[in-house]
Amino acid sequence: MSSSCGSAAPLAHGIGPRFTPVGRFGALAGWAQRRRWAALALWMVVVAAITLGSAAAGSTYRERLLSLPCTDVQAATGLFKEHGSDQAGDSVEIPARRATD
């Protein structure tokens, strides 16, 4: 009597342990599966680089975007400065009631 513990059923259509990846993404997937910790470390480096890059460029990009003339952002900023400053920080109470059964 054979034990099924530890053995997996074969997958359909030839996809199994001997399946070789095809193409660049398949090769990349195979590399990431064989070297899981290296792939995880690489993703962490990529996320850190994107975060640091956006933090470095973020304030300069935002300042340039807000200072561009004839843009929707500049028009909205002008309207807020002209009309919205008096209402900044105000709060509104919204009355609500419970639904009765």
Side-chain angles (χ1 to χ4, degrees):
M1 190 161 188
S2 66
S3 171
S4 64
C5 188
S7 64
L11 299 174
H13 304 294
I15 300 174
R18 295 183 186 182
F19 176 71
T20 56
V22 179
R24 290 181 181 166
F25 289 116
L28 179 63
W31 179 86
Q33 186 177 15
R34 285 188 305 275
R35 295 172 180 85
R36 291 182 181 125
W37 291 109
L40 180 65
L42 184 63
W43 273 114
M44 291 173 68
V45 168
V46 168
V47 168
I50 290 172
T51 302
L52 292 174
S54 66
S59 61
T60 305
Y61 176 74
R62 185 174 39 246
E63 289 170 5
R64 276 194 240 159
L65 183 65
L66 291 176
S67 65
L68 289 176
C70 302
T71 60
D72 292 337
V73 173
Q74 186 62 35
T77 303
L79 285 173
F80 277 127
K81 285 182 181 177
E82 187 178 331
H83 298 289
S85 298
D86 297 336
Q87 297 175 354
D90 286 351
S91 63
V92 176
E93 288 186 27
I94 301 174
R97 64 178 182 163
R98 292 185 184 170
T100 58
D101 293 331

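Just so we're clear, the structure is a prediction, and the values are computed from it rather than from any experiment. Computed over heavy atoms, backbone and side chain alike; hydrogens, waters and symmetry mates excluded.
- Atoms CH2 and CG, from Trp43 and Leu40 in turn, are 11.0 Å apart once rounded to the nearest 0.5 Å.
- Between atom CH2 of residue Trp37 and atom CG of residue Leu42 there is a gap of 14.5 Å, rounded to the nearest 0.5 Å.
- Qualifying side-chain contact (heavy atoms from CB on, under 4.5 Å) partners for Ala32, counting only residues two or more places apart in sequence or in other chains: Ala39.
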